[in-house]
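Letters go in sequence order (proteins before strands), and every chain restarts at 1.
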Amino acid sequence: DVKVTQSSRYLVKRTGEKVFLECVQDMDHENMFWYRQDPGLGLRLIYFSYDVKMKEKGDIPEGYSVSREKKERFSLILESASTNQTSMYLCASHTGYQETQYFGPGTRLLVL
Amino acid sequence: DQQVKQNSPSLSVQEGRISILNCDYTNSMFDYFLWYKKYPAEGPTFLISISSIKDKNEDGRFTVFLNKSAKHLSLHIVPSQPGDSAVYFCAASRRGIIQGAQKLVFGQGTRLTINP
């Protein structure tokens, strides 16, 4: 079974703090993704990565950056957290041979 | 612009009856479609998918129908069970690249409630 884990289930941060969200997958997938889920908006793609050290912007990259130093790990960074970044953050991965993405349990981030 | 739309935010169905969830898309380049199910405080889990070369795909109680001319897909669940209560997301992608990251575009989700 594919396992995607996220470092925290719940986080509370203050405006202006730097926030790191970590994601690890154990299936040697090349591709990893970060989404945010907001009510009425569905899942929106922030960034994705198709290889180590490679990254591409998704649909809403503003205010975020990412890091992929190892194949199994993909980090999302909020350089200076703002209240409009309060959301559920979901990490996913897949191999290039399949469209099915496997998701982690999510991190609910509250920025005060 | 919302390329994938689920116009019903919620749906309530009686246990044992059929649940029909709908999804519309605008981009004719999409050629692969997926349904995900999400429980609260969990990540989405893959449910069923369909390629644009088919118009129907069935897996147990779940069937997905694709109408390319109308750019519409639907998920049928029959019979509906209480454990089906969740948020359902449809997603679409372009398969054109054989290998590589496949970007999924998600709809807004429909909250399905199955009443006993």
Query raised in the report: When hydrophobic residues are tied together by side-chain contacts of less than 4.5 Å, even through go-betweens, does Leu45(A) share a cluster with Ile77(A)?
Result: no
Report task. Please answer: with hydrophobic residues joined when any side-chain heavy atoms are less than 4.5 Å apart, are Leu75(B) and Val87(B) in the same cluster? Result -> no
Query - chain A contact via Leu34(B) - which portion, at a heavy-atom distance below 4.5 Å - result: side chain
Query raised in the report: Does the side-chain contact (heavy atoms from CB on, under 4.5 Å) test come out yes or no for Leu43(A) and Tyr36(B), once each step is laid out?
Result: CA-CA 11 Å; Leu43(A) 278 71; Tyr36(B) 281 83; over 6 Å; no
**Report entry** Connected via hydrophobic side-chain network under 4.5 Å: Phe48(A) and Ile46(A)
**Finding:** no
Query raised in the report: Are Val19(A) and Tyr64(A) connected in a single hydrophobic cluster, I mean Ile/Leu/Val/Met/Phe/Trp/Tyr linked by side-chain heavy atoms less than 4.5 Å apart?
Result: yes
Query raised in the report: Hey, which residues of residues 38-71 of chain B are touching chain A, say heavy atoms under 4.5 Å apart?
Result: Lys38(B), Ala41(B), Glu42(B), Gly43(B), Pro44(B), Phe46(B)
Query - Gln37(A) and Phe89(B): CA distance, side-chain angles, deciding distance, side-chain contact (heavy atoms from CB on, under 4.5 Å) verdict - result: CA-CA 11 Å; Gln37(A) 181 199 353; Phe89(B) 292 97; 3.5 Å; yes
**Report entry** Part of Gln6(A) lying under 4.5 Å from any heavy atom of chain B
**Finding:** neither
Report summary line: Against chain B, residues from residues 82-90 of chain A with at least one heavy atom under 4.5 Å, in numeric order, are Met88(A), Leu90(A)
Query raised in the report: CZ of Arg44(A): more than 12 outside heavy atoms within 6.0 angstrom?
Result: yes
Report summary line: Applying a strict 4.5 Å limit to non-hydrogen atoms, the region of Arg9(A) in contact with chain B is side chain
Query raised in the report: Would you say Val66(A) and Leu11(A) are hydrophobically clustered, going by side-chain heavy atoms of ILVMFWY under 4.5 Å?
Result: yes
Requested in this report: Measure the spacing between CZ of Phe33(A) and CG of Leu104(B) and express it to the nearest 0.5 Å.
Outcome: 6.5 Å
